K.L.:
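Structure below; questions to follow.
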Protein chains: 2
Amino acid sequence: MAETGATTPRERYRAQVRAEVKQRAWEQIATAGASALSLNAIAKQMGLSGPALYRYFAGRDELITELIRDAYRSLADAFRASAATGTGLAGLAHTLRAWALDDPQRYFLVYGTPVPGYHAPDDVTALAAEIMTSLLDVLADAPYADPADDPSDPSDRPSDGPSAPFAARLEGLGREWADGHPAPAAALRRALAFWTRLHGVLSLELAGHFTGMGFDPAHLFAAELTTLTGREDDGRSG
Amino acid sequence: MAETGATTPRERYRAQVRAEVKQRAWEQIATAGASALSLNAIAKQMGLSGPALYRYFAGRDELITELIRDAYRSLADAFRASAATGTGLAGLAHTLRAWALDDPQRYFLVYGTPVPGYHAPDDVTALAAEIMTSLLDVLADAPYADPADDPSDPSDRPSDGPSAPFAARLEGLGREWADGHPAPAAALRRALAFWTRLHGVLSLELAGHFTGMGFDPAHLFAAELTTLTGREDDGRSG
DNA sequence: AAGGTTAGTTAGAGGCTATCACTAAGGTTA
DNA sequence: TAACCTTAGTGATAGCCTCTAACTAACCTT
């Protein structure tokens with residue numbers, strides 16, 4: 001959202017226009033969803049005529065890709081900041097939930113229905129790795145309190161058969177997930193549980209699948225968080 | 001997909017055309033996503049000219065609504081059939097996963113990014129209740145094997161404060177979820193965990209967020225299923 | 001056989017993405 | 001300062017799309 005490394009007035013102007021286009025695109029997406037994003041409408045809003053925006057974005061796809069990039073960067077920043085506060089897994093979960101509720105359509109742009117042809121560029125996957133790094137960092141110094149609730153399968157002994165405990169299969173995978181992170185397999189398993197369980201609650205909540213069911217999704221979110229931390233976190237009060 | 005209750009030849013023909021339109025719509029959605037669905041293209045494929053389809057569907061929105069309805073019905077049927085086999089929670093989970101992998105875009109049509117304006121008609125919410133009923137039925141005679149892994153918070157005593165255990169808040173809510181189902185609060189909590197955890201894994205898997213991470217999503221799915229059943233189910237081998 | 005109902009057509013309005021050729025303005029250099 | 005090049009913005013246009021309107025042709029009923 002802020003490409004202010006420009007030097008010449010022309011580059012500055014160009015960056016400013018690009019930023020305004022993206023801002024209006026976000027507003028449009030927030031109200032009508034990503035599929036309703038219209039370059040033409042944005043141009044008119046800005047007092048420009050249709051094709052003018054093609055000087056700034058190669059097309060609709062490039063604009064959306066840029067928005068996805070910004071969304072990932074926003075989440076990565078939020079995660080890094082949250083990890084630095086030392087509030088642990090619960091803090092990270094709260095950050096994720098706040099980020100999601102702040103702009104549901106932005107959340108869906110990152111974690112929602114994918115467009116079949118689209119493949120994320122490399123820098124986006126790098127941002128995803130950065131997010132995973134923050135999560136693994138927090139997990140590194142957040143020992144698990146209640147082994148009985150461990151999301152990995154503690155009842156199984158390691159083996160190499162098709163029924164081997166899942167966590168054992170993750171050994172050393174931190175290298176590919178988080179740019180060489182030396183997390184142990186159990187932490188990787190917990191990171192996956194954090195990701196999938198909280199996403200499971202959040203995405204269904206944001207999609208409105210819980211409306212009219214008579215409970216507060218925040219409580220369900222907190223309850224699922226409890227299965228990840230094994231203790232009563234402040235997440236429970238949210 | 002089969003409205004074969006028609007009597008007159010005209011109604012029969014009409015139902016047949018509607019079915020063919022929907023079938024081609026599904027093919028189109030499977031390859032290019034729901035946002036790329038084009039009435040015009042379907043008409044041309046069928047040797048008709050554009051506006052002809054408006055005799056059969058009021059518009060694009062009605063067609064998509066109908067597809068969503070069919071998708072819900074398909075899942076509800078699959079759940080009911082699975083529940084009848086007596087294979088328990090694991091069988092239900094396997095059914096869900098097979099249904100999702102069979103047509104990912106169909107899954108996203110039901111559980112993916114919602115379009116901001118859209119509100120599901122009543123019969124669709126009734127189908128959702130039917131799905132929940134199958135789940136609660138299975139949970140009713142699938143006692144929890146390992147209390148330590150209970151997805152509700154067994155360590156907490158019931159109270160009425162803001163930090164009350166989540167399951168206690170669900171008391172009697174089966175009435176609104178599943179058309180008067182008399183499920184106890186613990187079963188409702190487990191149903192929610194089943195739903196959100198498996199959806200969490202499935203939606204991220206189908207969206208491709210696990211590609212290149214070096215593990216088989218089926219194993220993660222099986223591992224999360226284990227946290228729901230508390231024992232080693234056949235789901236592990238999938 | 002006459003009449004109404006229904007399926008299908010073409011024409012067209014209005015929206016969109018995107019390309020092209022052109023003008024006008026800005027910055028740079030001789 | 002004048003000439004030049006680069007860039008921003010324009011209108012025109014092609015080709016999609018949804019959806020409406022008016023018209024024709026087939027079908028079924030009476």
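Predicted model only: the values in this text are computed from it and were never measured. Side-chain atoms are counted along with the backbone in the values below, which use heavy atoms only and exclude waters and symmetry mates. Throughout, protein chains are lettered first and strands after them, A, B, ... in sequence-line order, and every chain is numbered starting at 1.
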K.L.:
Could you state the atom-to-atom distance from CD of A/E11 to P of C/dG27 in whole Å?
P.N.:
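Rounding to the nearest Å, CD of A/E11 and P of C/dG27 are 12 Å apart.
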K.L.:
Looking only at the side chains, is there a donor atom on one of B/E27 and B/Q23 sitting less than 3.5 Å from an acceptor on the other?
P.N.:
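Yes - a donor-acceptor pair under 3.5 Å links their side chains.
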K.L.:
Counting the atoms with a prime plus P, OP1 and OP2 as sugar-phosphate, which does A/F57 contact under 4.0 Å by heavy atoms, base, sugar-phosphate, or nothing?
P.N.:
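The answer is nothing, as A/F57 stays clear of every strand by at least 4.0 Å.
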K.L.:
Of A/G50 and B/L39, whose closest DNA chain D nucleotide lies nearer the 5' terminus?
P.N.:
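By nearest-heavy-atom nucleotide position, the 5'-most residue is A/G50.
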K.L.:
Do we get B/R189 above B/F166's six-membered ring, with its NZ or CZ under 6.0 Å from the centre and within 45° of the axis?
P.N.:
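Verdict for B/F166: no cation-pi partner in B/R189.
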K.L.:
Under 4.0 Å between a side-chain N or O of B/S49 and OP1 or OP2 of C/dT10?
P.N.:
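So the side-chain polar atoms of B/S49 do come within 4.0 Å of the phosphate oxygens OP1 or OP2 of C/dT10, strictly under.
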K.L.:
Under a 3.5 Å cutoff, is there a donor and acceptor pairing between the side chains of B/S35 and A/S35?
P.N.:
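No, A/S35 and B/S35 have no side-chain donor paired with an acceptor closer than 3.5 Å.
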K.L.:
Provide, to the nearest angstrom, the distance between the OH atom belonging to A/Y54 and the P atom belonging to C/dC16.
P.N.:
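Result: 11 Å.
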K.L.:
Dot-bracket, 5' to 3', for DNA chain C please: Watson-Crick or G-U pairs under 3.5 Å, [ ] where pairs cross earlier ones, | where the partner sits on another strand, dots elsewhere.
P.N.:
||.|||||||||||||||||||||||||||
K.L.:
Using a cut-off of 4.0 Å on non-hydrogen atoms, how would the nucleic acid contact of A/R10 be classed: base, sugar-phosphate, or nothing?
P.N.:
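Base contact.
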K.L.:
Could you state the CG-C1' distance from A/L37 to C/dG15, rounded to the nearest angstrom?
P.N.:
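Distance, rounded to whole Å: 15 Å.
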K.L.:
Does the ring centre of B/W177 sit less than 6.0 Å away from the ring centre of A/F210?
P.N.:
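A/F210 vs B/W177: aromatic centres not under 6.0 Å.
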K.L.:
It should be established whether A/N40 places a side-chain nitrogen or oxygen under 4.0 Å from OP1 or OP2 of nucleotide C/dG15.
P.N.:
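The answer is no; no side-chain N or O of A/N40 sits under 4.0 Å from OP1 or OP2.
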K.L.:
Go through the steps for A/W195 and A/M132 under the test side-chain contact (heavy atoms from CB on, under 4.5 Å), then give the verdict.
P.N.:
CA-CA 9 Å; A/W195 190 14; A/M132 186 57 81; 4.0 Å; yes
K.L.:
Nearest to the A/K44 side chain among C/dC16, C/dA7, D/dT10, which nucleotide is it?
P.N.:
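The listed nucleotide nearest to A/K44's side chain is C/dC16.
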K.L.:
Does B/T8 place a side-chain N or O at less than 4.0 Å from the phosphate oxygens OP1/OP2 of D/dC28?
P.N.:
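Checking D/dC28 against B/T8, no side-chain N or O comes under 4.0 Å of OP1 or OP2.
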K.L.:
Have B/E11 and B/T7 got a donor and an acceptor in their side chains that come within less than 3.5 Å?
P.N.:
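Judged by distance alone, the side chains do pair up.
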